Amino acid sequence: MKRLFMLLTLLTQLFSARSQGPDFSKYPVYTGNDLGINYSPDRSIFKIWAPTAGAAELKLYHAGTGNNSAGVFPMVKKGKGVWVATVYTDQKNKFYTFRVKINNKWSEEITDPYVKAVGVNGKRGAVVNMKETNPDDWENDRSPLLKHPTDAVIYELHVRDASIDISSGIRHKGKFLGLTETGTKNAAGQPTGLDHIKELGITHVHLLPSFDFNSVDESKPDAKYNWGYDPLHYNVPEGSYATNPYDGAVRIKEFKQMVQAFHQQGIGVIMDVVYNHTALTEKSNFNQLVPGYYYRQDKTGKFSNATACGNETASERPMFRSFMLESLLYWVNEYHVDGFRFDLMGVHDIETMNLISRELHKVKPDILLYGEGWTAGASPLPDSLRALKANTARLDRIAAFSDDIRDGIKGSVFEHADKGFASGKSGMEESIKFGITASCPHPQVDYSKVNYSKVPWAASPSQTVSYCECHDNHVLADKLAISVKDATPEQREQMQRLALSIVLTSQGISFLHAGTEFMRTKQGVENSYESSDSINSIDWNMKKEHAALYDYLRALIVLRKEHPAFRLRTAAAIAEQIKFAGKKIPEGMIVYEIDGKAAGDSWSKILIFLVGNKTAITYPVDITWKPYILNNRLLMKDTEIQRQLTEDIHLSPYSFSLFYQQ
């Protein structure tokens with residue numbers, strides 16, 4: 001019986017070991033930064049990390065597809081699991097793949113995870129002289145200076161959406177170059193594209209994934225649409241946005257031209273990056289080179305799936321940690337990118353994210369880093385180790401999106417008919433106050449009544465991204481149309497004004513979704529990641545239809561830029577300088593003051609009224625206050641006398657009002 005028990009124990013241990021897979025902690029770690037291709041006219045050195053391979057080979061081609069071999073070269077195994085092949089002739093404009101032999105079986109041909117240029121659809125890596133991809137005067141390209149993260153006003157934009165509609169007046173429709181064009185106009189003669197973004201006054205454009213993604217056939221870029229959250233090659237621009245996806249150098253140069261064009265207008269460029277999962281799993285280049293290593297596994301040894309995309313990367317493992325860092329540094333150094341938004345940042349571990357922040361800030365001290373502080377499912381890595389919203393205070397100069405203020409403003413993204421403060425739902429006041437104070441500690445916020453977070457999670461306002469919509473879920477105009485069906489279009493525009501007023505006057509980093517300034521709609525489609533251009537494209541003619549809203553939003557951005565009281569630097573300043581009125585305030589209303597003098601503002605005091613219900617409210621205001629915005633309407637000095645108040649003010653439903661003292 002004892003022998004049987006021992007045998008069963010041994011079998012259990014063997015099964016457990018098999019289900020858990022190899023011990024990745026024992027894999028050698030390569031600390032060099034030269035994996036991939038190192039090109040010169042005299043020779044090209046190709047390196048891959050494949051510690052479990054028994055053999056490896058490099059295959060060269062004359063084109064990005066087809067049977068056009070330019071030679072096969074066996075690779076030599078060096079230290080730390082690295083395989084090397086050196087070709088001593090000029091290989092510029094050639095294409096390449098690798099094969100590795102693991103457990104006596106050769107893999108398919110695979111691309112280099114570190115590849116910097118590819119042919120059409122990323123089937124093969126491309127050998128490119130990167131210096132030849134630089135636009136004219138690239139060496140003098142300079143990013144606009146960002147003095148503090150809370151000075152940022154971010155504008156989230158999909159490259160194709162910006163220009164594909166006929167109303168854009170843009171020639172390079174759906175391309176990187178479309179965002180370099182100036183002088184483009186809609187049917188009414190109003191600026192579109194780059195000129196519009198400049199005119200709006202935002203500080204940074206946030207581009208949805210623009211690296212090489214898997215879901216769009218680059219040879220037929222108009223046949224299928226996708227947001228691009230399915231990474232194929234992290235260090236290469238997407239070919240469907242290039243004028244020629246077959247030439248490995250073209251997409252690189254055109255991406256740089258786009259960055260350069262934004263910089264010339266004083267606008268920073270933020271890339272949406274998706275290191276949390278890959279488009280392919282078993283067949284990914286990562287997994288075929290080193291099976292299992294780059295991904296987390298569950299207790300049974302299967303790929304874990306906190307991303308709901310079939311896999312989740314293992315940022316805590318040294319070689320993927322170094323890959324992330326090296327990739328991000330590459331985009332900053334080679335492409336002059338000014339910041340990154342991390343998709344499902346909650347999948348990544350805190351140690352990796354803090355390492356990334358420290359190293360990127362050394363290169364670019366004013367870089368912007370922020371991400372989603374959540375996942376799309378459970379992860380085997382403990383919550384305490386991951387960059388979740390609840391752990392934001394432990395992150396180093398990295399911000400998280402506030403879903404608290406987002407859903408507080410417009411209603412739950414999970415319940416389509418749910419209303420928020422801006423559309424008349426009562427009981428959302430504390431969630432809005434939580435957002436106004438940028439998720440930082442404040443003595444007047446009742447955290448028990450905040451929709452999601454029952455404790456403050458930001459250590460400073462620079463760790464909170466204040467927003468009410470993004471590419472995910474319904475755009476604001478559609479959410480209002482669905483949740484407040486009985487409201488008139490005019491009432492819904494007032495709600496939109498109130499919502500955007502809250503975003504742009506709250507503390508933290510302001511974030512806007514492209515087209516919100518003129519009631520952009522996606523025809524009620526909630527998740528438009530693969531919908532057609534007819535759903536996703538920006539209709540620039542709506543700018544004329546909603547000209548008053550557009551002018552109002554521009555004024556709000558100017559207000560934020562000109563008044564540091566809306567951009568406080570510390571949690572202590574927020575707690576001390578923002579005071580909420582607590583007595584005799586009707587339900588559905590928030591009143592608060594900001595100590596402008598303490599903030600170094602030209603206004604000594606600022607008084608704000610938020611009305612989130614369908615009935616007008618009369619409120620007494622001292623004679624010394626002057627109105628700047630009244631009921632979602634800017635009182636312009638050159639068109640209207642700013643009268644001193646001598647009586648109660650009448651606040652309209654769904655309205656934002658701002659008064660000041662000098």
Side-chain angles (χ1 to χ4, degrees), residues 143-156 201-207 262-263 266-273 328 331-332 336-342 345 350 353-373 387 389 391-406 434-441 456-468 470 502-512 556-557 559-575 577-578 594 599-601:
S143 299
L145 178 65
L146 180 67
K147 292 183 179 180
H148 192 272
T150 59
D151 293 342
V153 180
I154 300 168
Y155 187 77
E156 184 196 44
I202 56 89
T203 65
H204 291 74
V205 62
H206 160 153
L207 298 175
F262 278 119
H263 286 174
I267 298 168
V269 177
I270 295 169
M271 282 188 69
D272 200 324
V273 289
L328 293 161
W331 283 104
V332 171
H336 303 177
V337 167
D338 305 294
F340 299 99
R341 177 266 194 191
F342 292 86
M345 184 174 69
I350 294 171
M353 291 304 302
N354 283 343
L355 170 67
I356 285 168
S357 179
R358 288 194 302 272
E359 295 303 313
L360 290 180
H361 276 94
K362 289 177 185 177
V363 175
K364 187 175 180 56
D366 63 344
I367 197 164
L368 266 178
L369 303 174
Y370 57 96
E372 294 178 300
K389 185 180 72 171
N391 297 329
T392 302
R394 295 165 55 195
L395 295 175
D396 178 13
R397 291 166 289 181
I398 302 172
F401 284 95
S402 173
D403 54 345
D404 304 280
I405 190 172
R406 180 197 70 197
F434 184 86
I436 290 168
T437 56
S439 321
C440 295
W457 47 261
S460 74
S462 61
Q463 288 194 306
T464 294
V465 176
S466 300
Y467 77 127
C468 67
C470 66
I502 295 171
V503 169
L504 285 165
T505 56
S506 290
Q507 304 300 319
I509 299 169
S510 292
F511 181 100
L512 303 170
L556 284 175
I557 293 173
L559 173 72
R560 184 174 184 86
K561 285 182 172 180
E562 291 184 348
H563 293 278
F566 302 111
R567 299 176 280 110
L568 299 178
R569 302 308 201 217
T570 66
I574 288 174
Q577 294 167 30
I578 294 179
I594 306 176
D601 203 290

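Fair warning: this is a prediction, and the values are worked out from it, not measured in the lab.
- Annotation: side chain of Ser143 is in contact with side chain of Lys364 (closest heavy-atom distance under 4.5 Å).
- The ring pair (Phe, Tyr, Trp, His ring centres under 6.0 Å) search around Tyr467 returns Phe401, Phe511, not counting sequence neighbours.
- Between the side chain of His563 and the main chain of Leu559, no donor-acceptor pair closer than 3.5 Å is present.
- Without hydrogens or angle criteria, Asp601 side chain to Ala565 main chain gives a donor-acceptor distance under 3.5 Å.
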Residues Ser462, Arg397; criterion side-chain hydrogen bond (donor to acceptor under 3.5 Å, both in side chains); working and verdict | CA-CA 7 Å; Ser462 61; Arg397 291 166 289 181; over 6 Å; no

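- Between the side chain of Gln463 and the backbone N or O of Leu395 there is at least one donor-acceptor pair closer than 3.5 Å.
- Side-chain contact between Tyr370 and Ile270 is present, with heavy atoms from C-beta onward closer than 4.5 Å.
- Nearest approach of Ile574 to Ala438, heavy atoms of both residues: CD1-CB, 4.2 Å.
- Thr392 places a side-chain N or O within 3.5 Å of a backbone atom of Lys389 that can act as its donor or acceptor partner.
- Residues Leu504 and Val153 share a closest heavy-atom pair of CD2-CG1, 4.1 Å.
- Heavy-atom minimum distance, Gly268 versus Pro144: N-CG, 3.5 Å.
- Annotation: side chain of Ile267 is not in contact with side chain of Tyr155 (no heavy-atom distance under 4.5 Å).
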Lys147 and Asp366: CA distance, side-chain angles, deciding distance, side-chain contact (heavy atoms from CB on, under 4.5 Å) verdict | CA-CA 7 Å; Lys147 292 183 179 180; Asp366 63 344; over 6 Å; no

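- A salt bridge does not link Asp404 to Arg406: none of the charged side-chain nitrogens sits closer than 4.0 Å to a carboxylate oxygen.
- Judged by distance alone, the side chain of Ser466 and the main-chain N or O of Gln507 form a donor-acceptor pair under 3.5 Å.
- A salt bridge links Arg341 with Glu372: the closest approach of a Lys/Arg side-chain nitrogen to an acidic carboxylate oxygen falls below 4.0 angstrom.
- The two atoms that bring His263 and Asp338 nearest to each other are NE2-OD2, 2.7 Å, heavy atoms only.
- Between Cys440 and Ser460, the closest heavy-atom pair is SG-C, 3.5 Å.
- With rounding to the nearest 0.5 Å, the separation of CG in Asp396 from CD1 in Ile356 is 11.5 Å.
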Might you work through the side-chain contact (heavy atoms from CB on, under 4.5 Å) test for Met345 and Ile398, ending with a clear yes or no?
-> CA-CA 10 Å; Met345 184 174 69; Ile398 302 172; 3.7 Å; yes

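- Between atom OG of residue Ser439 and atom CG of residue Asp403 there is a gap of 9.0 Å, rounded to the nearest 0.5 Å.
- One distance of note links OG1 of Thr464 with CZ of Phe434; it measures 7.0 Å at 0.5 Å rounding.
- Between Phe342 and Phe340, the ring-plane angle classifies as tilted under the 30° and 60° cut-offs.
- Between Ile405 atom CD1 and Ile436 atom CD1 the span is 6.5 Å, to the nearest 0.5 Å.
- Contact of the Ile509 side chain with the Leu368 side chain is registered, since non-hydrogen atoms from C-beta on lie closer than 4.5 Å.
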side-chain contact (heavy atoms from CB on, under 4.5 Å) evaluation trace for Leu369 with Met353 | CA-CA 10 Å; Leu369 303 174; Met353 291 304 302; over 6 Å; no

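- Between Val363 and Glu359 the shortest side-chain heavy-atom distance does not fall below 4.5 Å.
- Arg567 is linked by a salt bridge (Lys or Arg N to Asp or Glu O under 4.0 Å) to Asp151, counting only residues two or more places apart in sequence or in another chain.
- Proximity of Thr150 to Leu568: side-chain heavy atoms (C-beta onward) are nowhere separated by under 4.5 Å.
- In this structure the side chain of Pro441 reaches within 4.5 angstrom of the side chain of Pro456, judged on heavy atoms.
- Contact annotation: the side chain of Ile502 never approaches that of Cys468 to less than 4.5 Å [non-hydrogen atoms, C-beta and beyond].
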